[in-house]
Amino acid sequence: MLPSGTVQLALEREASETNTAIGALTTVGSGYAVGDVWHIRAQRKGTTLRCRAWKNGTSEPTTWVHEVVDATLGAGRIGVLALAASGSTATPFTVRVHDFQLYSGVWPTPPTVTHTTWVRTLHRPFTGEWTPSLATQVRAWAVDTRPDVLAYAMMYATGAPAVTSPALDGAQIAGQSRYGPPDSAGVPVEGADFHDYMGLAWAFPNGETQSAGAGEAGCMDCSGYVRMVYGHHMGIPMVRVDDIDGTVLPRMTKDIGPSGPGIIVAQAADAAPPLTGMQIGDVPHFDADTSDPVPGQVDHNGIYLGIDSGGHPRFINPRRTPQGPTFGDLGGPSTLDGSGTYATTLRLIRRF
């Protein structure tokens, strides 16, 4: 039996439906009472797994209280087990996983996407007429080495270095992004636009203004990410709510899909549309949120990267589960074929 009022942690690895303890039970705190909430921060770095815990309302410790090294950490899911004193009148209590950071690990077949395609946008919407100015712009692309859509998209993935803009008073305009600030349960909150990531208020061309969201610096949701890449960096005009006329990039996925700039490449009501017409840089839209009160309304989007090393059409998108932009498969395969969440909930493909 554990000493009364003591909280202990153990780390386990799950592989092939089998749980294996990693390290012994370690005391991380004491003095809990009924209804207390404990926070856990666990971190995996190579073959080292470590954690610390603190009671809600107290400061997070600066040192790790439980640290183990295991060379077999190459595969399997990592979990945290919390134990309270058996028979204590202080139970039950709550332990909340505050942050689980995976710095490195082994993926048997990590996805890679390799091709020679560059994706850029015209200065203005294409009218169907090949004009001298349009010809000049397109021909200049042959020697243009500035970042394209795909380069900008990767500037927000895990590990991307911070980039600041002197023109925006030193605001960070690129670098590893999170999906959103955590709510009281630790779940990332949706709602961060491109300018929230930069921590800046923004005035849009149609006169709309929007302040930066509290706590949303360094964060972007899915449509905010698409607006950062195609709007802020590539120059497609943006609005917040008004004047959605097919030439501007709206704020919300439900409007970008059916009413955004460019053309709809493919669309289906209750099933995934064919991928035959899809090109690198297109924006797939999904009806992935089962709690959405509007049936059939698209609620998630990303940017198509191309065919990966496994032969699968792969896209990049910000999500809650990996906490930011990813083309990895954590939280569901980032592929548009097969039987995964995004393959089966794909409903519309738009090209800007």
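Bear in mind the structure is a predicted one, so any value in this text is a computation, not a measurement. Start at 1 with the first residue, then count along the sequence.
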Are Tyr230 and Phe327 grouped together when hydrophobic residues (ILVMFWY) are joined by side-chain heavy atoms under 4.5 angstrom apart?
yes

Can you check whether Thr341's main-chain N or O pairs, donor with acceptor, with Thr344's side chain at less than 3.5 Å?
yes

Do Val138 and Trp130 make a side-chain contact, defined as non-hydrogen atoms from C-beta onward lying under 4.5 Å apart?
yes

Report yes if the side chains of Leu330 and Gln323 come closer than 4.5 Å at any heavy-atom pair, otherwise no.
no

Side chains of Thr253 and Ser223: closer than 4.5 Å at any heavy-atom pair?
yes

In a table with atom names and distances, give each donor-acceptor pair under 3.5 Å that connects a side chain of residues 261-278 to protein atoms at least two apart or in another chain.
none

Tell me the closest heavy-atom pair linking Met198 and Leu168, and the distance in Å.
SD-CD1, 3.9 Å

Does the distance from a Lys or Arg side-chain N to an Asp or Glu carboxylate O, for Arg120 and Asp148, drop under 4.0 Å?
no

Tyr152 and His232 aromatic centres sub-6.0 Å
no

Please examine the side chains of Ile280 and Tyr304, heavy atoms only from C-beta on, and report whether any two atoms are closer than 4.5 Å.
yes

Would a hydrophobic clustering, with Ile, Leu, Val, Met, Phe, Trp and Tyr connected at side-chain separations under 4.5 Å, put Leu336 with Leu150?
yes

Aromatic ring pairing Tyr342/His300, orientation class (parallel under 30°, perpendicular over 60°, tilted between):
tilted

Mind checking whether Phe194 and Tyr179 sit in one hydrophobic cluster, side chains of I, L, V, M, F, W, Y counted as touching below 4.5 Å?
no

Min side-chain heavy-atom separation Ile303-Phe352 under 4.5 Å:
no

Between Gly213 and Asp196 the two heavy atoms that sit nearest each other are N-OD1, 2.7 Å

Looking at Gln176 and Thr158, would you say the former's side chain and the latter's main chain have a donor-acceptor pair under 3.5 Å?
no

Tyr156 reachable from Val149 in the ILVMFWY side-chain graph, under 4.5 Å edges:
yes

Would you say the side-chain atoms of Arg319 pair up with the backbone N or O of Gly332, donor to acceptor, closer than 3.5 Å?
yes

State plainly whether one hydrophobic cluster holds both Leu122 and Val283, where clusters connect Ile, Leu, Val, Met, Phe, Trp and Tyr through side-chain heavy atoms under 4.5 angstrom apart.
no

In this structure, are over 12 heavy atoms from other groups packed under 6.0 Å from Met252 atom CE?
no

Is it the case that Asp243 and Asn206 place a side-chain donor and acceptor less than 3.5 Å from each other?
yes

Would you call Pro182 and Pro188 a side-chain contact if the rule is heavy atoms closer than 4.5 Å?
no

With the threshold set at 4.0 Å, does a side-chain nitrogen-carboxylate oxygen contact exist between Arg240 and Asp255?
no

Would you give the length of the straight line joining atom OG of Ser177 to atom CE of Met228, rounded to the nearest 0.5 angstrom?
7.5 Å

Asn301 side chain reached by Leu348 side chain, heavy atoms, under 4.5 Å
no

If hydrophobic residues (ILVMFWY) are linked whenever their side-chain heavy atoms come closer than 4.5 Å, directly or via other members, who joins Ile244 in its cluster?
Val239, Val248

Check this for me: does any side-chain nitrogen of one of Asp221 and Arg227 sit under 4.0 Å from a carboxylate oxygen of the other?
no

Tell me which donor-acceptor pairs under 3.5 Å the side chains of residues 110-117 have, and how far apart each pair is, sequence neighbours excluded?
unit_1, atom_1, unit_2, atom_2, d
Thr112, OG1, Ser309, OG, 3.2
His115, ND1, Thr117, N, 3.2
His115, NE2, Leu305, O, 2.8

